[in-house]
Amino acid sequence: MALRTKISGGLGVSAIAIAISAVALPGAAFAQDAAAEETAADADGAIVVTGFRAALESAVNKKKTADQVVESISAEDIGKLPDASIAESIARLPGLTAQRVSGRANSISIRGFAPDFSTTLLNGREQTSTGDNRAVEYDQYPSEVVSQVNVYKSPMASLVGQGLSGTVDMRTIRPLDAGKRIVSVGARGSYADLGKLNAGSKEFGYRVNGIYVDQFADDTVGITLGASYVNEPYQIQEFNAWGYPGTGNGAVIGGSKSYNTSTNLTRFGLNGTLQWKPADSFTTTLDAFYSDFKDDQVKRGIELPLYWSAAQLSGAQVNNGFVTAGTYTGVKGVVRNDIFQRHAKLYSFGWNNKYEGDDGWNALFDLSYAKTDRNELSMESYSGTGRNAVGATDTIGFTSGASGTVFKPTLNYGDYNLILLTSPQGWGGNQIAPNGTTILNGQDGYYNNRLIKDRIWQARAEVKKDMEGFVSSLQLGVNYTDRSKSLTPDEAFLGLAANTDGLTSVAVPSQYRLGTTNLAYLGLGPMISYDPLALLNGGIYKLVPNAYGDVVVKSYSISERLFTPYLQANLKGTLGSADLTGNIGVQAILTEQKSTGASAVYLGTLANGAPNIGAAAQTDSVTYTDWLPSLNLSLRFPSDLVVRFAAAREIIRPRMDDMKNSLSFGYTYAVVAGVPTAFITGGSGNPALRPWRANAVDLTVEKYFGSKGYVALQLFYKDLKSYVYNQDVTVPSSSLVLAPPPAGIAVSPTAIINRPVNGTGGELYGAELAGTLPFGAITPALEGFGLTGGVSYTKTKIAPTPGAPAEDLPGYSKWVANATLFFEQGGFNVRGSMRYRSTFVGEVSGFAANRVRRRAAPETIFDAQIGYDFQDGSALQGLSLYIQGQNLTNEPFVTTNPGDVRQVIDHQSYGRRFLAGFSYKF
């Protein structure tokens, strides 16, 4: 950025720049390409700081001068940020952390809350999500287009779209603020050290980006144009256990579904800004952002039904109630060649008009539109030694340990003559679709396509009047948000076209064979490999539409209309020797939410034998109002001590999949008093669900050392007045449209439906300690060295049901810590970063692409980088070079069964990533 800051006198600005870089940009990613320290003397002899240091000073001053509890980071230069997204960088801010997905940090947790408890804005506007709920996934946003990110931990009345745990506001470049022409380009290569885990996958990737900023017509017209393209692979070794049933010997692995997963991420991003300032008092700005995102995964592995199958366990070796080794005989393995494709197109447009009058009157009008169209395809394909009971079985030895289970098979799963396209377990049996297509003696795979549309219209108007006295200004505004989100499922059974008798298995045709995939880390050796989509498109497979009720009830449509007026008074005065600033205000949110869904209705059997399942559509709406008062006060002492106090009512709207108006149910059978009885159980959403609500208090003490460093202690407390949990509710069976049970079986008069409801009570509180120490401020011998970091402790007390033991909130880690040790001088820079979070409940992809919650093990991630920036006077001035290593210790993502960490459910190894690149600014 072309920011310019004057520093009177002869300060040691090198140490200052380093200190502020660590504060504002604590991650290796944002801070890694330190621009040359540009200094010059103007006419009055003051040192003029431009480029990197000025941008860093802007970031730290944002924290220092803000009236809210806020963390801030600034891009050190345009187009010089090598992250795939900005998530890795903001995850190192105090009190923040990230959850990795496919080895990438793409979602952020603030103060112990899951990503769904925060909101993300782009230039102050709410954004649609590429996920199933509200949380923004940051790998949609190229880091090059972002000039600053502000994370507000306390709300204020004029902050629209605020979250309960915090609000992330990403700001893009404003060309008239830049003040000069800027042309910047960059590129990098990447390498995944796990190599090519699957046939056809890659180990090398690349990224290119460019940005252009200019001003015209006497600086009354400004334009920004940016583009970024990413094509990078990610490799994952995934162990997954079905679970650990208890046996006479102890808990033992009941089955395994493990994969080599190869992901190729491509993203094409465009952004543009056009500003026009026809008068000093008026500026109009048009913003546009576009992202075409494709996450294509190939998953190849062998699913092994073990204890929960006809296989027999022998030779069990037991250690304190856990079977560490043994042998299974009669194992009928299912060789899996699956694909998972997530394609999303994100559009965001905004039009902002700002008037700043000489008489103290100011006004703004902002109109925005955002939408995301997402297609998510999960396709399973099975192969084995024969259909259902036909074919050879395996004898498999196993050893279970801290990294999961390693197997020793006797069959060769890489033999194309032995392993055939088939249904090894006969899953699904016979299936007849309403259109008459059939599958006999087991499905050969499954096709699950999910179509998601998300839309937001937003309009905002505000007037502000500057005043004299303690109330320095008043803001009065109103915002209207109209959001809709829908899900349409398209599911089908996969069957072999040649299987017309229920006995047929087919060898993979030679033109579709892709060699073998080596599952050495699981001990399973090679397995046959092919592309199931190619087999479908080639007519080897056919689709048999799944018309059962479990598909019908997945469809939903939710709309929300929020009318938000607000009033805020900004304060400025003195209290003794200290300056007192802040704001007090209130925001009202008038909500109308409507949800449309369906419950399945059994209508009998069609003439061709297919089940006739209908959908009973149901639509419900509800209206309510939330009043959100807020207070922010900052007391600034001459000693550079800042004390902040904030109190507010905070909310976050419920998850959208919890609000769906769908109901599913089925029978379970038991004998009661000698009478066979069908009991009805099911699940549903809750269209009348209210938000999570909390009363929150923050107290922060910050000590700044001029511009060289700081230390801050932040204390916070949230009293949750309403939260969302799942509860069983009883309804009359007569209220449900039921298929008749088998003859002679009675139906229970009541049904139990599990649904989300609003609970009451609970609290979350904690402390955050953060600081930056440039060692050059201690002794000149350590000039250029420094340390920055923070540690956060959070405690939660939330009972899911009255009288039940307290449970952790999703995404909650008790301890979060980060640290960055750096050296930076004369253009040369070296950094090492550590990020730690204690155990938490994370979300992973489960059956049929549904998100499931599991207990994740603690993780510590190390990154490092070395770079050089060519200095003033060099022929290569403006060029920066860097190399970087990510996840240097190959820290895995691990989930376990509650109560026994030896019972590993997931063990995902992402490997190390190495990157090398450059950026060049003209």
Side-chain angles (χ1 to χ4, degrees), residues 26 63 68-71 87 90-100 105 107-119 135 151-155 162-168 644-652 692-702 711-725 759 761-771 789-800 805-819 834-843 853-861 895 898:
K63 178 178 178 66
Q68 296 169 267
V69 180
V70 62
E71 310 294 343
I90 62 179
R92 293 186 178 94
L93 290 171
L96 279 70
T97 191
Q99 179 177 335
R100 294 181 292 170
S107 59
I108 297 297
S109 295
I110 302 176
R111 286 184 162 175
F113 284 91
D116 283 314
F117 292 91
S118 61
T119 57
V151 181
Y152 298 101
K153 294 180 177 177
S154 66
Q162 56 194 250
L164 189 146
S165 62
T167 307
V168 180
R644 307 185 196 277
F645 174 79
R649 175 83 156 183
E650 301 172 343
I651 68 167
I652 190 70
W692 293 69
R693 299 181 174 114
N695 294 332
V697 176
D698 287 81
L699 178 63
T700 299
V701 180
E702 302 165 1
V711 62
L713 175 63
Q714 302 177 358
L715 307 175
F716 65 92
Y717 174 82
K718 296 182 187 293
D719 179 16
L720 288 165
K721 312 306 292 186
S722 172
Y723 61 94
V724 178
Y725 67 95
E763 57 186 1
L764 185 140
Y765 54 90
E768 301 163 357
L769 179 64
V791 60
S792 303
Y793 171 82
T794 308
K795 183 68 175 176
T796 180
K797 294 181 180 179
I798 297 177
E807 291 186 4
D808 289 350
L809 288 167
Y812 160 76
S813 288
K814 181 178 291 186
W815 290 98
V816 172
N818 62 77
M834 177 277 294
R835 187 173 79 240
Y836 168 81
R837 69 180 305 184
S838 61
T839 179
F840 63 100
V841 176
E843 284 194 336
R853 294 174 180 172
R854 292 185 182 140
R855 168 64 62 181
E859 59 183 25
T860 305
I861 300 167
T895 70

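All of these numbers come straight from a predicted model, not from anything done at the bench.
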> Between Ala694 and Leu720, what is the shortest heavy-atom contact and its length?
Replying inline: CB-CD2, 3.7 Å
> What distance do Lys814 atom NZ and Thr794 atom OG1 have between them, rounded to the nearest 0.5 Å?
Replying inline: 10.0 Å
>> Using 0.5 Å steps for rounding, measure from the OG1 atom of Thr700 to the CG atom of Leu713.
In response: 7.5 Å
> Under 3.5 Å, side chain of Lys718 to main-chain N/O of Glu650, donor-acceptor pair present?
Replying inline: no
>> I'd like to know if Glu859 pairs up with Arg835 as an ion pair, taking the criterion as any Lys NZ or Arg NE/NH1/NH2 lying under 4.0 Å from an Asp or Glu carboxylate oxygen.
In response: no
> Any side-chain donor paired with an acceptor under 3.5 Å for Tyr717 and Glu763?
Replying inline: yes
>> Please find the pair of heavy atoms, one from Arg644 and one from Gln68, that lie closest to each other, and give the distance.
In response: CD-O, 3.8 Å
> Is the side chain of Thr796 donor-acceptor paired with the backbone N or O of Leu764 at a distance under 3.5 Å, no angle test?
Replying inline: no
>> Could you check whether Arg111 pairs with Asp698 (Lys NZ or Arg NE/NH1/NH2 to Asp/Glu carboxylate O, under 4.0 Å)?
In response: yes
> Would you call Ile652 and Thr119 a side-chain contact if the rule is heavy atoms closer than 4.5 Å?
Replying inline: yes
> Looking only at heavy atoms, what is the nearest atom pair of Ile110 and Ser118, with distance?
Replying inline: CD1-CB, 3.9 Å
>> Let me confirm one number: the OG-CZ distance from Ser722 to Arg693, rounded to the nearest 0.5 Å.
In response: 5.5 Å
> Going through the distances and angles, do Asn818 and Met834 end up as a side-chain contact (heavy atoms from CB on, under 4.5 Å)?
Replying inline: CA-CA 5 Å; Asn818 62 77; Met834 177 277 294; 5.8 Å; no
>> So does Val69 get a backbone contact from the side chain of Ser154, meaning a donor-acceptor N/O pair under 3.5 Å?
In response: yes
> Quick one: CG on Leu715 to CG on Leu699, what's the gap to the nearest 0.5 Å?
Replying inline: 5.5 Å
> Considering all heavy atoms of both residues, which atom of Glu768 and which atom of Ser792 are nearest to each other, and what is their separation?
Replying inline: CG-OG, 3.4 Å
> Would you call the rings of Phe117 and Trp692 parallel, tilted or perpendicular, where under 30° means parallel and over 60° means perpendicular?
Replying inline: perpendicular
> Nearest heavy-atom pair of Pro94 and Ala770: which atoms, and what distance?
Replying inline: CG-CB, 3.4 Å
> How close do Ile90 and Leu96 get, heavy atom to heavy atom, and via which atoms?
Replying inline: O-CD2, 3.4 Å
>> Suppose we screen for side-chain hydrogen bond (donor to acceptor under 3.5 Å, both in side chains). Which residues come up paired with Arg837, at least two apart in sequence or across chains?
In response: Ser813
>> As an exercise, state the distance from OH of Tyr836 to OG1 of Thr97, rounded to the nearest 0.5 Å.
In response: 10.5 Å
